[in-house]
Amino acid sequence: MCPNWKTLLPLSVTAAIFFNACQGTAIDNKESSAKSDTTSVISEFQLQESILTASESYRITSSDEDSTVYYLSLSSSVQWPESLGKHKIQALRDTIISIAFGPTKYNDVRNAIKASVTDVSQFGLGDKIERIESVPDSIAPNELYSNRTVQMVECTEQTVTYSAAWSEYLGGAHPNSGATPFTFVLASDSIVNMNYLFKPGAEKELLPKILESLAMNYSMSVEELNNALLNSPASVTGNVYILNNTIVFRYNPYDILPYSYGASDAYIIPYEVADLLTPQAKKLLLD
(Lines give C-alpha, C1' and ligand atoms only; values in the text may rest on other atoms or scores of the structure.)
Protein backbone atom coordinates (compact mmCIF):
# COMPACT_ATOMS: atom_id res chain seq x y z
CA MET A 1 0.00 0.00 0.00
CA CYS A 2 1.44 3.35 -1.01
CA PRO A 3 1.62 5.92 1.80
CA ASN A 4 -0.30 9.09 1.19
CA TRP A 5 0.87 12.58 1.95
CA LYS A 6 -0.80 12.51 5.36
CA THR A 7 1.75 9.93 6.44
CA LEU A 8 4.63 12.08 5.24
CA LEU A 9 7.55 10.30 6.84
CA PRO A 10 9.81 12.32 9.14
CA LEU A 11 13.00 10.43 9.96
CA SER A 12 15.24 12.61 12.10
CA VAL A 13 18.90 11.93 11.67
CA THR A 14 21.52 13.64 13.82
CA ALA A 15 25.16 13.24 12.93
CA ALA A 16 28.45 14.77 13.95
CA ILE A 17 30.26 15.86 10.81
CA PHE A 18 34.03 15.95 11.00
CA PHE A 19 36.18 18.09 8.72
CA ASN A 20 39.86 18.64 7.99
CA ALA A 21 40.88 15.00 8.38
CA CYS A 22 44.24 14.39 10.04
CA GLN A 23 47.11 14.43 7.59
CA GLY A 24 49.91 13.73 10.10
CA THR A 25 51.81 10.57 10.97
CA ALA A 26 51.16 8.73 14.23
CA ILE A 27 54.03 8.95 16.70
CA ASP A 28 52.96 6.00 18.87
CA ASN A 29 49.91 3.99 19.79
CA LYS A 30 49.18 5.64 23.13
CA GLU A 31 45.59 6.81 23.46
CA SER A 32 46.51 10.12 25.05
CA SER A 33 48.78 10.99 22.12
CA ALA A 34 46.07 10.09 19.62
CA LYS A 35 43.57 12.38 21.30
CA SER A 36 46.06 15.22 21.43
CA ASP A 37 46.94 14.80 17.75
CA THR A 38 43.34 14.71 16.48
CA THR A 39 41.71 17.40 18.56
CA SER A 40 44.13 19.99 17.20
CA VAL A 41 43.18 19.42 13.55
CA ILE A 42 39.57 18.21 13.57
CA SER A 43 36.61 20.53 13.90
CA GLU A 44 33.00 19.46 14.08
CA PHE A 45 29.47 20.78 14.11
CA GLN A 46 26.11 19.10 14.44
CA LEU A 47 24.10 18.31 11.33
CA GLN A 48 20.43 17.47 11.83
CA GLU A 49 18.06 16.61 9.01
CA SER A 50 14.75 14.90 8.32
CA ILE A 51 13.82 12.58 5.46
CA LEU A 52 10.41 13.61 4.11
CA THR A 53 8.71 11.28 1.64
CA ALA A 54 5.31 10.90 0.02
CA SER A 55 3.85 8.81 -2.79
CA GLU A 56 0.50 8.31 -4.49
CA SER A 57 -0.90 6.15 -7.31
CA TYR A 58 -3.74 7.01 -9.69
CA ARG A 59 -5.96 5.51 -12.37
CA ILE A 60 -6.67 8.15 -15.03
CA THR A 61 -9.11 7.91 -17.92
CA SER A 62 -8.58 10.22 -20.86
CA SER A 63 -11.38 12.11 -22.55
CA ASP A 64 -10.44 11.01 -26.06
CA GLU A 65 -12.56 8.69 -28.20
CA ASP A 66 -10.70 5.59 -27.02
CA SER A 67 -10.99 6.54 -23.33
CA THR A 68 -7.41 5.44 -22.75
CA VAL A 69 -6.63 4.36 -19.20
CA TYR A 70 -3.32 5.38 -17.62
CA TYR A 71 -1.78 4.38 -14.32
CA LEU A 72 0.37 7.07 -12.74
CA SER A 73 2.72 6.78 -9.77
CA LEU A 74 4.06 9.94 -8.13
CA SER A 75 6.69 10.19 -5.41
CA SER A 76 8.88 12.81 -3.73
CA SER A 77 11.69 12.44 -1.22
CA VAL A 78 13.58 15.34 0.36
CA GLN A 79 16.58 15.24 2.65
CA TRP A 80 15.56 18.32 4.62
CA PRO A 81 18.04 20.33 6.73
CA GLU A 82 16.89 21.03 10.27
CA SER A 83 20.17 22.56 11.46
CA LEU A 84 23.73 23.03 10.23
CA GLY A 85 25.86 24.01 13.17
CA LYS A 86 25.11 27.63 14.09
CA HIS A 87 24.32 28.70 10.51
CA LYS A 88 20.98 30.28 9.68
CA ILE A 89 19.50 28.08 6.96
CA GLN A 90 16.17 29.62 5.93
CA ALA A 91 17.65 30.88 2.65
CA LEU A 92 19.03 27.40 1.98
CA ARG A 93 15.62 25.85 2.64
CA ASP A 94 13.95 28.33 0.26
CA THR A 95 16.52 27.46 -2.39
CA ILE A 96 15.87 23.73 -2.02
CA ILE A 97 12.12 24.21 -2.47
CA SER A 98 12.59 26.50 -5.49
CA ILE A 99 15.02 24.21 -7.31
CA ALA A 100 13.28 20.92 -6.47
CA PHE A 101 9.70 21.99 -7.15
CA GLY A 102 10.06 24.98 -9.46
CA PRO A 103 7.87 28.08 -9.13
CA THR A 104 5.40 27.26 -6.37
CA LYS A 105 3.06 29.16 -4.08
CA TYR A 106 4.29 27.06 -1.18
CA ASN A 107 7.13 28.17 1.07
CA ASP A 108 6.69 25.13 3.32
CA VAL A 109 8.40 21.97 2.10
CA ARG A 110 5.64 19.68 3.37
CA ASN A 111 3.01 21.52 1.36
CA ALA A 112 5.29 21.50 -1.70
CA ILE A 113 5.77 17.73 -1.36
CA LYS A 114 2.03 17.20 -0.89
CA ALA A 115 1.25 19.19 -4.03
CA SER A 116 3.84 17.27 -6.05
CA VAL A 117 2.04 13.95 -5.47
CA THR A 118 -1.59 15.15 -5.43
CA ASP A 119 -1.76 17.71 -8.26
CA VAL A 120 -2.40 15.26 -11.09
CA SER A 121 -3.87 17.88 -13.42
CA GLN A 122 -0.36 19.15 -14.19
CA PHE A 123 0.23 16.08 -16.38
CA GLY A 124 -2.83 16.59 -18.60
CA LEU A 125 -3.58 12.87 -18.92
CA GLY A 126 -7.35 12.91 -18.46
CA ASP A 127 -10.36 14.24 -16.62
CA LYS A 128 -11.37 11.18 -14.63
CA ILE A 129 -8.81 10.71 -11.85
CA GLU A 130 -9.08 7.99 -9.23
CA ARG A 131 -6.64 7.47 -6.41
CA ILE A 132 -5.69 3.79 -6.01
CA GLU A 133 -3.65 1.83 -3.49
CA SER A 134 -1.18 0.43 -6.03
CA VAL A 135 -0.67 0.02 -9.76
CA PRO A 136 -1.85 -3.37 -11.08
CA ASP A 137 0.63 -5.76 -12.65
CA SER A 138 0.92 -6.29 -16.40
CA ILE A 139 -0.10 -2.84 -17.59
CA ALA A 140 3.39 -1.70 -18.60
CA PRO A 141 2.42 0.16 -21.82
CA ASN A 142 0.26 2.61 -19.89
CA GLU A 143 2.21 2.70 -16.63
CA LEU A 144 3.59 6.18 -16.06
CA TYR A 145 5.58 7.71 -13.24
CA SER A 146 7.22 10.90 -12.01
CA ASN A 147 9.70 10.93 -9.13
CA ARG A 148 11.61 13.73 -7.37
CA THR A 149 14.53 13.31 -5.00
CA VAL A 150 16.59 15.86 -3.08
CA GLN A 151 19.77 14.61 -1.43
CA MET A 152 22.73 16.19 0.31
CA VAL A 153 25.88 15.41 -1.67
CA GLU A 154 28.56 17.14 0.38
CA CYS A 155 28.86 19.36 3.44
CA THR A 156 31.92 21.35 4.45
CA GLU A 157 32.51 24.14 6.93
CA GLN A 158 31.88 26.70 4.19
CA THR A 159 29.39 25.08 1.81
CA VAL A 160 26.69 22.48 1.41
CA THR A 161 25.89 20.80 -1.91
CA TYR A 162 22.56 19.20 -2.81
CA SER A 163 21.25 17.40 -5.87
CA ALA A 164 17.62 17.89 -6.91
CA ALA A 165 16.98 14.96 -9.25
CA TRP A 166 13.95 13.82 -11.19
CA SER A 167 13.01 10.80 -13.25
CA GLU A 168 9.83 10.23 -15.20
CA TYR A 169 8.11 8.30 -17.92
CA LEU A 170 5.06 10.06 -19.31
CA GLY A 171 4.92 8.28 -22.64
CA GLY A 172 7.23 8.20 -25.61
CA ALA A 173 10.26 6.13 -26.57
CA HIS A 174 11.97 6.01 -23.18
CA PRO A 175 12.03 7.47 -19.66
CA ASN A 176 13.73 10.79 -18.96
CA SER A 177 15.81 11.91 -16.02
CA GLY A 178 18.03 14.74 -14.90
CA ALA A 179 19.40 16.61 -11.93
CA THR A 180 20.21 20.11 -10.77
CA PRO A 181 23.08 19.89 -8.32
CA PHE A 182 23.79 23.16 -6.53
CA THR A 183 26.22 24.47 -3.95
CA PHE A 184 25.21 26.95 -1.26
CA VAL A 185 27.69 29.16 0.62
CA LEU A 186 26.51 29.10 4.22
CA ALA A 187 28.13 32.28 5.55
CA SER A 188 26.81 34.53 2.79
CA ASP A 189 23.53 32.78 1.87
CA SER A 190 24.78 32.65 -1.73
CA ILE A 191 24.14 30.01 -4.36
CA VAL A 192 27.21 29.13 -6.40
CA ASN A 193 26.38 29.86 -10.04
CA MET A 194 28.27 31.16 -13.07
CA ASN A 195 28.12 34.76 -11.87
CA TYR A 196 29.43 33.76 -8.45
CA LEU A 197 32.31 31.74 -9.89
CA PHE A 198 33.48 33.44 -13.06
CA LYS A 199 34.26 36.86 -14.45
CA PRO A 200 32.10 38.13 -17.33
CA GLY A 201 33.10 36.64 -20.67
CA ALA A 202 34.79 33.56 -19.19
CA GLU A 203 32.72 31.14 -21.26
CA LYS A 204 34.97 31.35 -24.32
CA GLU A 205 37.99 30.08 -22.38
CA LEU A 206 35.97 27.64 -20.26
CA LEU A 207 34.33 25.74 -23.12
CA PRO A 208 37.49 24.02 -24.50
CA LYS A 209 38.37 22.83 -20.99
CA ILE A 210 34.84 21.50 -20.46
CA LEU A 211 34.88 19.64 -23.78
CA GLU A 212 38.28 18.15 -22.99
CA SER A 213 36.99 16.86 -19.65
CA LEU A 214 33.85 15.39 -21.22
CA ALA A 215 35.86 13.70 -23.97
CA MET A 216 38.14 12.15 -21.36
CA ASN A 217 35.11 10.79 -19.48
CA TYR A 218 33.96 9.00 -22.63
CA SER A 219 37.46 7.88 -23.65
CA MET A 220 37.28 9.75 -26.94
CA SER A 221 39.03 12.66 -28.58
CA VAL A 222 37.60 16.17 -28.50
CA GLU A 223 37.06 15.89 -32.26
CA GLU A 224 35.00 12.73 -31.78
CA LEU A 225 33.02 14.44 -29.05
CA ASN A 226 32.31 17.43 -31.29
CA ASN A 227 30.98 15.07 -33.95
CA ALA A 228 28.56 13.58 -31.41
CA LEU A 229 27.18 16.91 -30.16
CA LEU A 230 23.51 17.61 -30.72
CA ASN A 231 24.29 21.23 -31.51
CA SER A 232 27.54 22.82 -32.56
CA PRO A 233 29.16 24.85 -31.23
CA ALA A 234 28.44 23.66 -27.73
CA SER A 235 27.68 26.08 -24.90
CA VAL A 236 28.66 26.31 -21.25
CA THR A 237 25.86 25.04 -19.05
CA GLY A 238 24.67 27.04 -16.08
CA ASN A 239 24.20 23.79 -14.19
CA VAL A 240 27.38 24.14 -12.12
CA TYR A 241 28.34 23.21 -8.57
CA ILE A 242 31.28 22.45 -6.27
CA LEU A 243 32.30 18.93 -5.28
CA ASN A 244 35.50 18.06 -3.41
CA ASN A 245 36.81 21.57 -4.11
CA THR A 246 36.41 20.97 -7.84
CA ILE A 247 34.12 22.91 -10.19
CA VAL A 248 31.66 20.55 -11.87
CA PHE A 249 29.50 21.31 -14.92
CA ARG A 250 26.51 18.96 -15.22
CA TYR A 251 24.93 18.27 -18.61
CA ASN A 252 21.72 16.27 -18.41
CA PRO A 253 20.60 13.97 -21.24
CA TYR A 254 19.85 15.98 -24.40
CA ASP A 255 21.59 19.11 -23.03
CA ILE A 256 24.66 18.50 -25.15
CA LEU A 257 24.70 14.83 -26.21
CA PRO A 258 22.12 12.22 -27.25
CA TYR A 259 20.10 10.36 -24.62
CA SER A 260 22.28 7.25 -24.92
CA TYR A 261 25.23 9.12 -23.36
CA GLY A 262 23.33 9.75 -20.12
CA ALA A 263 24.31 12.57 -17.81
CA SER A 264 27.72 14.14 -18.46
CA ASP A 265 29.93 15.82 -15.87
CA ALA A 266 32.92 18.02 -16.67
CA TYR A 267 35.44 18.55 -13.86
CA ILE A 268 37.54 21.71 -13.74
CA ILE A 269 40.34 22.17 -11.20
CA PRO A 270 40.11 25.74 -9.80
CA TYR A 271 43.82 26.60 -10.11
CA GLU A 272 43.65 25.77 -13.84
CA VAL A 273 41.14 28.60 -14.34
CA ALA A 274 42.35 30.94 -11.60
CA ASP A 275 42.52 33.91 -13.98
CA LEU A 276 38.82 33.45 -14.79
CA LEU A 277 37.57 33.26 -11.20
CA THR A 278 35.91 36.11 -9.32
CA PRO A 279 37.53 37.30 -6.06
CA GLN A 280 34.86 35.53 -4.01
CA ALA A 281 35.40 32.29 -5.91
CA LYS A 282 39.15 32.51 -5.36
CA LYS A 283 38.60 33.01 -1.65
CA LEU A 284 36.29 30.00 -1.51
CA LEU A 285 38.33 27.62 -3.67
CA LEU A 286 41.97 28.71 -3.60
CA ASP A 287 42.69 30.50 -0.32
Side-chain angles (χ1 to χ4, degrees), residues 3 5-15 17 19 45-56 74-119 122 146-168 176-197 237-252 255 263 265 280-281 284:
W5 67 269
K6 294 180 181 178
T7 60
L8 205 62
L9 175 64
L11 175 59
S12 295
V13 183
T14 304
I17 304 297
F19 299 100
F45 66 82
Q46 294 293 316
L47 160 65
Q48 186 175 14
E49 55 189 17
S50 297
I51 309 300
L52 306 177
T53 69
S55 62
E56 293 284 8
L74 304 177
S75 69
S76 288
S77 175
V78 178
Q79 200 169 340
W80 185 245
E82 301 291 354
S83 65
L84 288 174
K86 296 181 179 180
H87 293 289
K88 296 179 180 180
I89 57 172
Q90 186 56 51
L92 169 62
R93 290 174 165 183
D94 293 342
T95 301
I96 291 173
I97 294 174
S98 175
I99 291 179
F101 299 100
T104 175
K105 61 183 179 181
Y106 303 108
N107 56 9
D108 176 83
V109 68
R110 287 164 177 81
N111 286 329
I113 291 173
K114 171 189 169 183
S116 73
V117 299
T118 58
D119 181 11
Q122 61 181 303
S146 179
N147 306 321
R148 302 170 192 253
T149 305
V150 179
Q151 292 181 309
M152 180 186 289
V153 177
E154 182 181 71
C155 185
T156 75
E157 289 177 293
Q158 292 80 35
T159 64
V160 59
T161 297
Y162 283 86
S163 177
W166 57 271
S167 63
E168 65 182 22
N176 289 311
S177 62
T180 304
F182 66 94
T183 298
F184 197 85
V185 183
L186 295 166
S188 61
D189 283 344
S190 303
I191 189 168
V192 173
N193 53 26
M194 286 293 292
N195 290 334
Y196 184 97
L197 288 171
T237 179
N239 204 0
V240 60
Y241 64 105
I242 305 298
L243 183 64
N244 196 23
N245 211 52
T246 299
I247 302 170
V248 188
F249 292 87
R250 162 62 61 90
Y251 290 89
N252 287 315
D255 282 351
D265 290 319
Q280 60 191 5
L284 177 66

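The basis for the numbers below is simple: all heavy atoms, side chains too, and nothing from hydrogens, waters or symmetry mates.
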| said: Looking at every heavy atom in both P81 and L92, which two are closest together, and how far apart are they? | reply: CG-CD2, 4.2 Å

| query | Would you call N239 and P181 a side-chain contact if the rule is heavy atoms closer than 4.5 Å? | reply | yes

| said: Measuring only between side-chain heavy atoms, which start at C-beta, is T180 closer than 4.5 Å to Y241? | reply: no

| How many angstroms lie between atom OG1 of T118 and atom CG of L74, to the nearest 0.5 angstrom? | 8.5 Å

| field | Whether S116 side chain and I113 backbone form a donor-acceptor pair below 3.5 Å | value | yes

| How about S77 and T149: does a side-chain donor come under 3.5 Å of a side-chain acceptor? | no

| For the residue pair F249 and T237, what are the closest heavy atoms and their distance? | CD2-O, 3.6 Å

| message | Please check: side-chain N/O of Q158 versus main-chain N/O of A187, any donor-acceptor pairing under 3.5 Å? | response | no

| field | Note, L84 side chain near C155 side chain (heavy atom, < 4.5 Å) | value | yes

| query | T161 versus V192: any side-chain heavy-atom pair under 4.5 Å? | reply | no

| message | For the CG atom on N245, are there more than 12 heavy atoms of other groups (residues, nucleotides or ligands in this structure) within a distance under 6.0 Å? | response | yes

| request: Find the distance between OG1 (T95) and CG (D189) and round it off to the nearest 0.5 Å. | output: 8.0 Å

| Could you go step by step and tell me if T159 and I242 meet the side-chain contact (heavy atoms from CB on, under 4.5 Å) rule? | CA-CA 9 Å; T159 64; I242 305 298; 5.5 Å; no

| request: For R250 and N252, work out which heavy atoms get closest and say how close. | output: CD-OD1, 3.8 Å

| Those residues that, when tested against N244, pass side-chain hydrogen bond (donor to acceptor under 3.5 Å, both in side chains) (two or more places apart) | none

| said: Show every salt bridge (charged side-chain N to carboxylate O under 4.0 Å, His left out) that has at least one partner inside residues 90-99, sequence neighbours left out. | reply: E82-R93

| note | d(R148 CZ, S76 OG) to nearest 0.5 Å is 5.5 Å

| query | Minimum heavy-atom separation for S55 to S75, with atom names? | reply | CB-CB, 3.9 Å

| Is there side-chain contact between V150 and W80, with at least one heavy-atom pair below 4.5 Å? | no

| query | To the nearest 0.5 Å, how far apart are CD in Q79 and CE in M152? | reply | 6.0 Å

| query | So, for M194 and G238, which heavy atoms are closest and what is the spacing to 0.1 Å? | reply | CG-CA, 4.2 Å

| field | Distance in Å, N107 CG paired with S98 OG, rounded so as to fall on 0.5 Å steps | value | 12.0 Å

| query | Are side-chain heavy atoms of I99 and I191 found at a separation under 4.5 Å? | reply | yes

| task | Compare all side-chain heavy atoms of L52 with those of V109 and state whether any distance is below 4.5 angstrom. | result | yes

| To the nearest 0.5 Å, what is the distance between CD (E154) and OG (S163)? | 13.0 Å

| field | Closest heavy-atom pair and its distance - Y196, S190 | value | CE1-CB, 3.9 Å

| Plane angle bin for F45 and H87 - parallel if under 30°, tilted between 30 and 60°, otherwise perpendicular | perpendicular

